[in-house]
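Read through the structure below, which is laid out as structure tokens, and then see the notes.
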Amino acid sequence: MKYIAILSIGILAYLLFKKLWSNKNWISPKKTFPGNWRNILIQKVSFYNSLSAEEKTRFEYKVQEFLLNCRITGIHTKVDDTDRVLVAASAIIPVFEFPNWKYTNLFEVLLYPNSFNDKFETQAEDARILGMVGTGYMEGKMILSKPALLHGFSNESDKKNTAIHEFVHLIDKMDGKIDGLPSILMEKQYSIPWLDLISKKIEEIYEEKSDINPYGATNKAEFFAVISEYFFERPKLLAKAHPELYQLLEEIFNQNMSERKLLRAKQSISRNSPCPCGSGLKFKKCCGKQHY
């Protein structure tokens, strides 16, 4: 009886915490978007570079808002502005066309120095996990491997981005469960075609007739996360190889990714380079002023 009472108190405390967190006062940006953050986006995030000037301003606002409402904590690793901005960019890319979206089910992202296992050990032989959405006592948290986070934005042609993958799981979870059916984004008439198509595409993976990451065949939830990585990294290829799948993902995310020019800035920025923000000033006198 004592054990049951303690368990009941724990469950009630968790439910109360969840309610308080979801109803907490949301912090909105009041300051100008930091120039060095903008340079990180320009140098590392192709999605950002594909946006119009108005869209870039909106993206920056959402990145800033995310970081005001979610802690980024390093576990045995240092966290810098690049890490923070890339985590935030990963969060915003899938929900960019949902202006009022708020991750009320997340308050902290933990960055690990490398991969980990289900006991959160990083040195074990089975430490192969690159990202995880927390449940139970880890509710409201996400864990990411820092190298996997950085790799997701250094190689944007391999159809893989661990951080986007995990944020898609989090989006999927907003309706109560991670099942590959993001009801909060998907209109009801697309639900059955979506599930039928997932089953078909998983069969193609098993039959080795697909270019989709085989991990997507694990279950419907993993397929949704894997194919979302493909959608945001190689949309033109996805539209050509899997047109029906691409079309449904367009409906889910409300984004026509195949028309975006996904290019990263290739130039290195020195103190005397023209500032990439387009001001016409040298970097050292504009967005890089705080460093020089």
Side-chain angles (χ1 to χ4, degrees), residues 45-47 50 86-87 89-98 101 103 128-133 142 144-145 148-149 151-260 262:
V45 183
S46 296
F47 183 92
S50 74
L86 293 184
V87 169
S90 306
I92 303 309
I93 287 171
V95 296
F96 181 63
E97 290 300 341
F98 299 92
W101 183 275
Y103 284 101
R128 301 185 186 92
I129 301 172
L130 299 177
M132 177 187 293
V133 172
M142 177 186 291
L144 292 172
S145 156
L149 167 70
H151 177 79
F153 288 94
S154 64
N155 185 340
E156 295 182 296
S157 63
D158 62 354
K159 300 175 286 189
K160 296 177 182 178
N161 186 304
T162 296
I164 288 179
H165 181 111
E166 295 307 321
F167 276 104
V168 168
H169 277 321
L170 197 62
I171 293 164
D172 189 5
K173 188 181 180 181
M174 290 289 276
D175 60 9
K177 53 185 175 180
I178 302 177
D179 57 1
L181 185 63
S183 302
I184 198 163
L185 299 185
M186 181 180 283
E187 296 182 21
K188 287 185 179 180
Q189 68 264 33
Y190 297 115
S191 298
I192 293 176
W194 172 246
L195 292 175
D196 288 344
L197 188 57
I198 287 180
S199 297
K200 176 184 174 183
K201 293 299 180 180
I202 286 177
E203 279 301 313
E204 290 177 5
I205 293 173
Y206 279 125
E207 293 170 3
E208 299 183 353
K209 298 177 180 178
S210 178
D211 67 332
I212 297 171
N213 183 348
Y215 187 64
T218 305
N219 53 50
K220 289 181 172 65
E222 293 301 343
F223 183 89
F224 176 44
V226 162
I227 204 61
S228 296
E229 296 176 77
Y230 195 156
F231 178 74
F232 288 109
E233 284 221 336
R234 300 293 302 276
K236 290 181 173 63
L237 179 60
L238 180 62
K240 181 178 180 180
H242 308 274
E244 190 177 0
L245 190 54
Y246 174 84
Q247 188 60 45
L248 280 174
L249 286 165
E250 262 197 3
E251 298 292 344
I252 291 171
F253 293 112
N254 195 31
Q255 298 193 52
N256 185 355
M257 286 297 301
S258 65
E259 292 190 359
R260 293 202 180 279
L262 299 176

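Starting from 1, each residue takes its place in the sequence as its number.
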Query raised in the report: Any side-chain heavy atom of Val95 sitting closer than 4.5 Å to one from Tyr103?
Result: yes
Query raised in the report: Quick one: does Trp194's side chain get under 4.5 Å of Leu249's, heavy atoms only?
Result: yes
Requested in this report: Please work out whether the ring planes of His165 and Tyr215 are parallel, tilted or perpendicular, with thresholds of 30° and 60°.
Outcome: tilted
**Report entry** With Glu244 via salt bridge (charged side-chain N to carboxylate O under 4.0 Å, His left out) - residues at least two apart
**Finding:** none
Query raised in the report: Are side-chain heavy atoms of Pro94 and Ile171 found at a separation under 4.5 Å?
Result: yes
**Report entry** From Phe253 atom CZ to Met186 atom CE, the distance as rounded to the nearest 0.5 Å
**Finding:** 9.0 Å
Query raised in the report: So do the side chains of Phe167 and Ser228 get within less than 4.5 Å of each other, counting heavy atoms only?
Result: no
Query raised in the report: How long is the span from the CD1 atom in Ile178 to the CG atom in Leu170, to the nearest 0.5 Å?
Result: 7.5 Å
Requested in this report: May I ask you to decide if Asp179's main-chain N or O and Asp172's side chain share a donor-acceptor pair within less than 3.5 Å?
Outcome: yes
Query raised in the report: Can you tell me how far the CD atom of Glu229 sits from the CG atom of Leu238, to the nearest 0.5 Å?
Result: 12.0 Å
Requested in this report: Could you pull out the closest heavy-atom pair between Glu233 and Gly152, with the gap in Å?
Outcome: OE2-O, 3.1 Å
Report summary line: Arg260 and Lys236 have their tightest heavy-atom pair at O-NZ, 2.9 Å
Query raised in the report: Around atom NZ of Lys177, are there more than 12 heavy atoms of other residues, nucleotides or ligands at under 6.0 Å?
Result: no
Report task. Heavy atoms only: give me the nearest Lys220-Ile198 pair and the separation to one decimal. Result -> CG-CG2, 3.7 Å
Query - With sequence neighbours excluded, residues passing salt bridge (charged side-chain N to carboxylate O under 4.0 Å, His left out) with Lys209 - result: Glu207
Report task. Hey, could you give me the NZ/CD1 distance between Lys159 and Ile227, rounded to the nearest 0.5 Å? Result -> 8.5 Å
Requested in this report: Let me know which of Asp158, Asn213, Asp211 forms a side chain to side chain donor-acceptor pair (under 3.5 Å) with Tyr230.
Outcome: Asp211
**Report entry** pair Ile212-Leu245: side-chain heavy atoms closer than 4.5 Å
**Finding:** yes
Requested in this report: Might you confirm whether atom CD of Gln189 has over 12 heavy atoms from other residues, nucleotides or ligands at distances under 6.0 Å?
Outcome: yes
**Report entry** Pro182 backbone acceptor or donor facing Asp175 side chain under 3.5 Å
**Finding:** no
Report task. Show your working on side-chain contact (heavy atoms from CB on, under 4.5 Å) between Phe47 and Met257 and close with a plain yes or no. Result -> CA-CA 9 Å; Phe47 183 92; Met257 286 297 301; 3.6 Å; yes
Report summary line: The reported gap from CG in Leu197 to CD1 in Ile192 (rounded to nearest 0.5 angstrom) is 13.5 Å
Report summary line: For Ile205 and Ala217 the tightest heavy-atom approach is CG2-CB, 3.7 Å
Requested in this report: Indicate the atoms forming the closest heavy-atom contact of Leu185 with Phe98, along with that distance.
Outcome: CD2-CZ, 3.8 Å
Query - CA sep, side-chain torsions, deciding dist, call: Phe232, Asn161, side-chain contact (heavy atoms from CB on, under 4.5 Å) - result: CA-CA 9 Å; Phe232 288 109; Asn161 186 304; over 6 Å; no
Requested in this report: Taking all non-hydrogen atoms of both residues into account, name the closest pair between Ala241 and Pro243 and its distance.
Outcome: C-CD, 3.6 Å
Report task. Would you please test Val45 and Ile93 for side-chain contact (heavy atoms from CB on, under 4.5 Å) and show each step? Result -> CA-CA 10 Å; Val45 183; Ile93 287 171; 4.3 Å; yes
Query raised in the report: Can you tell if the side chain of Phe224 reaches within under 4.5 Å of the side chain of Val168, non-hydrogen atoms only?
Result: yes
Requested in this report: Given side-chain contact (heavy atoms from CB on, under 4.5 Å), test Phe231 with Ile164 step by step and report yes or no.
Outcome: CA-CA 11 Å; Phe231 178 74; Ile164 288 179; over 6 Å; no
Query raised in the report: Rounded to the nearest 0.5 Å, how far apart are OG of Ser258 and CD of Gln247?
Result: 9.0 Å
Query raised in the report: How about Ser210 and His242: do any of their side-chain heavy atoms sit closer than 4.5 Å?
Result: yes
Report task. Given salt bridge (Lys or Arg N to Asp or Glu O under 4.0 Å), test Lys201 with Glu204 step by step and report yes or no. Result -> CA-CA 5 Å; Lys201 293 299 180 180; Glu204 290 177 5; 3.5 Å; yes
Report task. Please examine the side chains of Leu149 and Thr162, heavy atoms only from C-beta on, and report whether any two atoms are closer than 4.5 Å. Result -> no
